[in-house]
Each structure stands twice: as structure tokens, then as C-alpha cells.
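Values reported hereafter were calculated over all heavy atoms of this structure, with side chains retained and with hydrogens, waters and symmetry mates removed.
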Amino acid sequence: MIMSLPFLRRTRGFTLIELMITVAVIGILAAIAYPSYTEYIRRGKISEATSALSVMRVQLEQWYQNNRNYGPVAGTCGVAVPSSPSFTFTCTASGTNNQAFLLTATGTTAGGMSGYVFTLNENNAQATTEFAGAAVTATCWMKRRGETC
């Protein structure tokens with residue numbers, strides 16, 4: 001008859017060290033992945049805003065073809081501004097007989113885009129005036145930090 005000794009029994013499961021190493025590896029991967037993911041989401045919201053500005057510009061040009069101005073009353077444009085949870089859009093007609101306009105997309109705090117401002121005018125001059133909370137004078141729509149025109 002073979003007797004089994006208590007110290008020779010096989011144990012099953014993971015040791016505490018193995019679990020701690022696994023948690024540390026997952027923590028490191030999350031620390032790398034999360035900022036990349038949030039930057040990816042931010043770039044998507046910026047693209048959505050700049051696309052809306054482009055669509056509004058086309059609509060204003062169509063309005064101009066029909067009315068020979070960009071807005072019926074000084075300071076207002078002839079098209080409706082879109083709504084978005086991430087950006088607030090404005091359109092201002094200006095100049096003699098409303099022959100100019102300025103479209104602006106301003107990031108909202110609720111949408112996580114506070115500190116981002118993009119503009120477009122009747123000459124299709126794109127500009128970024130604020131990016132990630134810092135004032136900039138870029139003559140293009142910036143999508144990434146440190147991007148140049």
C-alpha cells in the first residue's frame with residue numbers, strides 16, 4: 001500500500017506572484033492604450049466638426065447663387081447651423097451687403113472638446129485658433145498636437 005504524504009500533494013491554481021505579474025502587465029498595457037484611444041476619439045470629433053463646416057460652406061455658396069448674399073440680415077447667415085454634442089457652430093455674415101461670412105466650430109465642455117476652435121470663411125480659408133486649450137494661429141485645420149500647415 002502506497003501512502004501519500006501531505007507535502008507531496010499537487011496544488012492547483014495560481015500563486016500570488018503570478019497574479020501580481022499579470023495585473024502589472026495589464027496595467028502597463030492599459031496605460032499605453034488608453035491615451036491612444038482617447039486621442040483617436042478626439043481626432044474623430046475634430047473630423048466631424050470640420051466636415052460640418054465644409055457642408056455649411058457649400059450650403060452658403062448655394063444660398064449666395066440664389067440671393068447674391070450670404071445672409072438675409074446683417075450678422076445672420078442664410079442657412080441653418082448644425083447641432084453636435086461636441087461642438088457649437090456659428091455663422092456670421094458680414095461686409096457690405098453680407099458679401100462675407102465666418103463659420104466657427106467651438107468645442108463644448110460636455111462633449112469633451114473644450115479648448116478647440118476651427119473657422120472657415122468665404123474664401124475657403126481654414127484656420128485653427130485654439131487647439132487643446134492653447135491659442136494657435138494655424139492656417140489649416142489641425143487634427144493632431146504639433147501638426148503644421
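- Val117 and Phe87 fall into different hydrophobic clusters, defined by Ile, Leu, Val, Met, Phe, Trp and Tyr side-chain heavy atoms under 4.5 Å apart, directly or through other members.
- Contact between Val136 and Glu130 at its shortest, heavy atoms only, is CG2-N, 3.9 Å.
- Rounding to the nearest 0.5 Å gives a distance of 13.5 Å between OH of Tyr116 and OG1 of Thr106.
- Thr15 approaches Glu18 most closely through the heavy-atom pair N-OE1, 2.9 Å.
- Nearest approach of Asn121 to Arg57, heavy atoms of both residues: O-NE, 4.0 Å.
- Listed here is the closest heavy atom pair of Ala105 and Leu53: CB-CD1, 4.0 Å.
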(request) Could you walk me through whether Tyr70 and Glu61 pass side chain to side chain contact (heavy atoms under 4.5 Å, CB included), step by step? (result) CA-CA 8 Å; Tyr70 289 111; Glu61 292 301 333; 3.1 Å; yes
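- Between Glu48 and Ser86 the shortest side-chain heavy-atom distance does not fall below 4.5 Å.
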Please output the side-chain donor-acceptor pairs of residues 88-103 that fall under 3.5 Å, not counting sequence neighbours, one pair per line with the distance.
from  : atom 1 : to    : atom 2 : distance (Å)
Asn98 : ND2    : Gly71 : O      : 2.9
Asn98 : ND2    : Val73 : O      : 3.3
Gln99 : OE1    : Tyr64 : OH     : 2.6
Gln99 : NE2    : Arg68 : O      : 2.8
Gln99 : NE2    : Asn97 : O      : 3.1

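- Summarising the geometry, atom CD1 belonging to Ile41 is positioned 12.0 Å from atom CD1 belonging to Ile46; distances are rounded to the nearest 0.5 Å.
- Leu60 and Val55 fall into different hydrophobic clusters, where Ile, Leu, Val, Met, Phe, Trp and Tyr residues are linked whenever their side-chain heavy atoms come under 4.5 Å apart, directly or through other members.
- Ile26 CD1 to Ile21 CD1: the interatomic distance, rounded to the nearest 0.5 Å, is 12.5 Å.
- Remark: side-chain polar atoms of Asn123 are not paired, donor with acceptor, to backbone N or O of Ala125 under 3.5 angstrom.
- Between Val58 and Gln62 the shortest side-chain heavy-atom distance falls below 4.5 Å.
- When atom types are taken as modelled, the side chain of Lys45 and the backbone of Gly112 share no donor-acceptor pair closer than 3.5 angstrom.
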Hey, can you pull the donor-acceptor pairs under 3.5 Å for the side chains in residues 138-149, sequence neighbours left out?
from   : atom 1 : to     : atom 2 : distance (Å)
Trp141 : NE1    : Thr119 : O      : 3.0
Glu147 : OE1    : Lys143 : N      : 2.6

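- Between the side chain of Thr38 and the backbone N or O of Pro35 there is at least one donor-acceptor pair closer than 3.5 Å.
- In the hydrophobic cluster analysis, where Ile, Leu, Val, Met, Phe, Trp and Tyr join through side-chain heavy atoms closer than 4.5 angstrom, Met113 is grouped together with Phe131.
- Under the 4.5 Å side-chain criterion, counting only non-hydrogen atoms from C-beta, Pro72 is not in contact with Asn67.
- The salt bridge (Lys or Arg N to Asp or Glu O under 4.0 Å) search around Arg42 returns Glu39, not counting sequence neighbours.
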